[in-house]
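Below is one structure, written out as structure tokens; comments come after it.
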Amino acid sequence: MSERRFFVDPGAVGADEIALSGELLHHMVRVLRLSAGDEVVLLDGCGGHYRCRLEYLAAASGTARILGHWSEAESGFEIRLIQSLPKGEKFDIILQKGTELGINRFSPVWSERSVPRMDDERVGKKLERWRRIVAEAARQSRRPVLPGCDAPAPLAAALSSCRQELKLMLWEEGGTSLAECLPRKAPASAAILVGPEGGFSRPEADAAVAAGFLPVSLGPRILRTETAGFAVTAVLEYLYGDFGFGNDAVS
């Protein structure tokens, strides 16, 4: 049987043991039926791995004794997805599959044609759910570092905060092909900007260009909002990231 791996809050990690609580504890005890003496690997989401033996498990709390510790890193190439919130539960799929593909940070945004804004209470519940989805996808795909998921924000705020080196806006009216926009020398990081089902308005596209984003066309086919980011992520991972096993330039 493969080792059991779980993400924990970095604040739960002590010098010799790790505190267990909440959903993780419930999943271990009630779903997986683990018991004292079982060994697991706990990850702090920042690259730290802890081989542990479960020592104490109760309904409200538990502890795991640290047997060994090591660190793992991901590719140095960072991908941030700035995604206009789509309808329904499509963002759940974006988070799950985007985590598997290697996206490092998800930034959901409200744009003119995206879903209506949520009140603070609903945002808090959605964000909690989204981060659980990311953590589970990272665990299953054996990622050593937990991707970040921001709270929803206006598009303008995400544009102004974007510091990635390569900035790509996927826009059906963009006249430049993806191949023409990709530099031969590997950038340190990239941001992918994806619009909602109805696309970006012209003022929004102009604002993105003013913030340094390159309008990119993916050819004659129009991809769905939940598909477009995946397509570009896979290309970037092949050229600059893990899929290409360290490629450092476009051939």
Side-chain angles (χ1 to χ4, degrees), residues 78-138 147-164 166-176 178 181 189-236:
E78 172 200 345
I79 300 177
R80 177 185 180 186
L81 177 65
I82 303 175
Q83 172 76 51
S84 295
L85 281 167
K87 298 175 182 177
E89 303 301 322
K90 293 178 182 178
F91 194 59
D92 291 2
I93 298 297
I94 291 171
L95 293 170
Q96 183 187 69
K97 302 308 177 186
T99 296
E100 294 175 13
L101 284 169
I103 291 172
N104 304 94
R105 179 180 173 187
F106 297 91
S107 299
V109 296
W110 284 297
S111 55
E112 289 183 21
R113 299 166 184 163
S114 62
V115 297
R117 298 195 181 194
M118 298 171 270
D119 58 34
D120 290 344
E121 181 179 358
R122 191 177 175 204
V123 165
K125 291 180 179 179
K126 280 284 190 180
L127 188 57
E128 183 179 345
R129 170 182 168 79
W130 291 339
R131 288 174 175 168
R132 286 200 307 268
I133 291 171
V134 169
E136 179 61 17
C149 182
D150 301 330
L155 174 62
L159 295 179
S160 63
S161 70
C162 186
R163 299 292 181 267
Q164 282 68 36
L166 176 65
K167 303 178 183 181
L168 304 174
M169 175 178 62
L170 310 188
W171 195 37
E172 61 273 17
E173 298 182 38
T176 306
L178 179 61
C181 290
S189 58
I192 306 169
L193 176 60
V194 182
E197 285 86 347
F200 288 121
S201 66
R202 171 65 70 171
E204 288 175 326
D206 290 344
V209 171
F213 281 81
L214 304 172
V216 175
S217 169
L218 298 181
R221 290 181 294 279
I222 302 298
L223 301 185
R224 291 179 179 271
T225 183
E226 68 269 29
T227 307
F230 298 160
V232 176
T233 295
V235 172
L236 296 179

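Quick caveat, the model's predicted, so the values are computed rather than measured.
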Which heavy atom in I94 sits nearest to a heavy atom in F106, and how many Å separate them? O-CE2, 3.7 Å
Contact summary for L155 and F200, nearest pair of heavy atoms: CD2-CE2, 4.0 Å
Of the non-hydrogen atoms in A231 and L223, which two are nearest, and what is the gap between them? CB-CD1, 4.0 Å
Within the 4.5 Å heavy-atom criterion, are L159 and L193 side-chain neighbours or not? yes
If every non-hydrogen atom of G195 is compared with every non-hydrogen atom of T225, which pair is closest and at what distance? O-OG1, 2.6 Å
Between atom CD1 of I79 and atom CG of L168, what is the distance when rounded to the nearest 0.5 Å? 10.0 Å
Between the side chain of E204 and the main-chain N/O of E112, is any donor-acceptor distance below 3.5 Å? yes
Is the shortest side-chain N to carboxylate O distance from K97 to E100 below 4.0 Å? yes
State, yes or no, whether a side-chain contact exists between W171 and S217 at a heavy-atom distance under 4.5 Å. no
Taking atom CZ of R131 as the centre, report whether more than 12 heavy atoms of other residues, nucleotides or ligands fall under 6.0 Å from it. yes
Does K167 use its side chain to pair, donor to acceptor, with the backbone of L214 at less than 3.5 Å? no
Short side-chain to backbone donor-acceptor contact, T99 and L95, under 3.5 Å: yes
Is any side-chain heavy atom of I192 less than 4.5 Å from a side-chain heavy atom of I82? no
Here the pair of heavy atoms bringing V209 nearest to P215 is CG2-CG, 3.7 Å
Do S84 and S111 get their side chains close enough for a donor-acceptor pair, meaning under 3.5 Å? yes
Hey, does the side chain of N104 reach the backbone of R80 with a donor-acceptor pair shorter than 3.5 angstrom? no
What distance do I93 atom CD1 and I133 atom CD1 have between them, rounded to the nearest 0.5 Å? 8.0 Å
Between R132 and E136, is the closest basic N to carboxylate O distance under 4.0 Å? no
Test salt bridge (charged side-chain N to carboxylate O under 4.0 Å, His left out) applied to E197 and K87, R224, K90, R113, the passing residue: K90
If you measure from the Lys or Arg side-chain nitrogens to the Asp or Glu carboxylate oxygens, is any gap between E89 and K126 under 4.0 Å? yes
In Å, rounded to the nearest 0.5 Å, how long is the span from CD of E78 to CG of L236? 12.0 Å
Heavy atoms, side chains only, cut-off 4.5 Å: are L178 and V235 in contact? yes
Looking only at heavy atoms, what is the nearest atom pair of A228 and L170, with distance? O-CD1, 3.6 Å
Show your reasoning for whether side chain to side chain contact (heavy atoms under 4.5 Å, CB included) applies to M169 and V216. CA-CA 6 Å; M169 175 178 62; V216 175; over 6 Å; no
With the side chain counted from C-beta on, respond yes when M118 and P152 share a heavy-atom pair under 4.5 Å apart, and no when they do not. yes
Using the ring-ring contact (aromatic ring centres under 6.0 Å, His included) rule, collect all pairs that involve residues 109-138, keeping only residues at least two apart or in two chains. F91-W130
Rounded distance [0.5 Å steps], SG in C149 versus CG in L81: 10.0 Å
With a 6.0 Å cut-off (strictly less than), is the heavy-atom count around CD of E173, excluding the residue itself, greater than 12? yes
